[in-house]
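Everything below concerns the one structure shown next.
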Amino acid sequence: MEELIRHNEQFYFDGRVHPVYCIQGRLDDRVDLDYNAHFVQLTRGHMEYLDHMGHRFDEQEFGSLLAKIKRYYWGQ
């Protein structure tokens with residue numbers, strides 16, 4: 001976790017704009033939801049919660065996640 005935090009500080013807070021869009025599954029017990037929410041807030045990014053999603057998902061679900069991001073950033 002400390003390595004991830006250091007990477008985020010170096011990359012996302014280096015003065016350049018790095019858009020952040022986080023889709024957080026509420027069933028995902030392998031990540032720290034509070035950390036993710038705080039990080040997205042600091043980067044002024046967008047966070048979306050999915051109640052039905054855990055840590056693993058199939059190819060179809062992955063395609064759906066990418067479509068959400070594409071619609072958000074490019075309005076498609």
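Keep in mind it's a predicted model, so treat the numbers as computed, not measured.
The distance from atom CD of Glu59 to atom OG of Ser64, rounded to the nearest 0.5 Å, is 12.5 Å.
The backbone N or O of Asp58 lies less than 3.5 Å from a partner atom in the side chain of Glu61, making a donor-acceptor pair.
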task: Could you walk me through whether Phe13 and Thr43 pass side-chain contact (heavy atoms from CB on, under 4.5 Å), step by step?
output: CA-CA 8 Å; Phe13 303 112; Thr43 61; 3.8 Å; yes
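The salt bridge (Lys or Arg N to Asp or Glu O under 4.0 Å) contacts involving residues 15-25 comprise Asp14-Arg16, where partners must be two or more places apart or lie in separate chains. Sorted by first and then second residue, the salt bridge (Lys or Arg N to Asp or Glu O under 4.0 Å) pairs with a member in residues 18-28 read Arg26-Asp51; sequence neighbours excluded. Counting only residues at least two apart or in different chains, salt bridge (Lys or Arg N to Asp or Glu O under 4.0 Å) contacts with residues 38-50 comprise Glu48-Lys68.
Here the side chains of Val31 and Gln24 are in contact, with some heavy-atom distance below 4.5 Å. Met47 has its side chain within reach of Asn36: a pair of non-hydrogen atoms, C-beta onward, lies under 4.5 Å apart. Taking 4.5 Å as the limit, every side-chain heavy atom of Tyr72 sits out of range of all side-chain heavy atoms of Lys70. A 4.5 Å side-chain heavy-atom check between Tyr49 and Ile23 finds every atom pair outside the cut-off.
Side-chain heavy atoms closer than 4.5 Å link hydrophobic residues (I, L, V, M, F, W, Y) into clusters, and following such links, possibly through other members, connects Phe62 to Tyr73. No chain of hydrophobic side-chain contacts below 4.5 Å, direct or via other Ile, Leu, Val, Met, Phe, Trp or Tyr residues, connects Leu27 to Phe57.
For the residue pair Cys22 and Val40, the shortest heavy atom distance occurs at CB-CG2, 3.5 Å.
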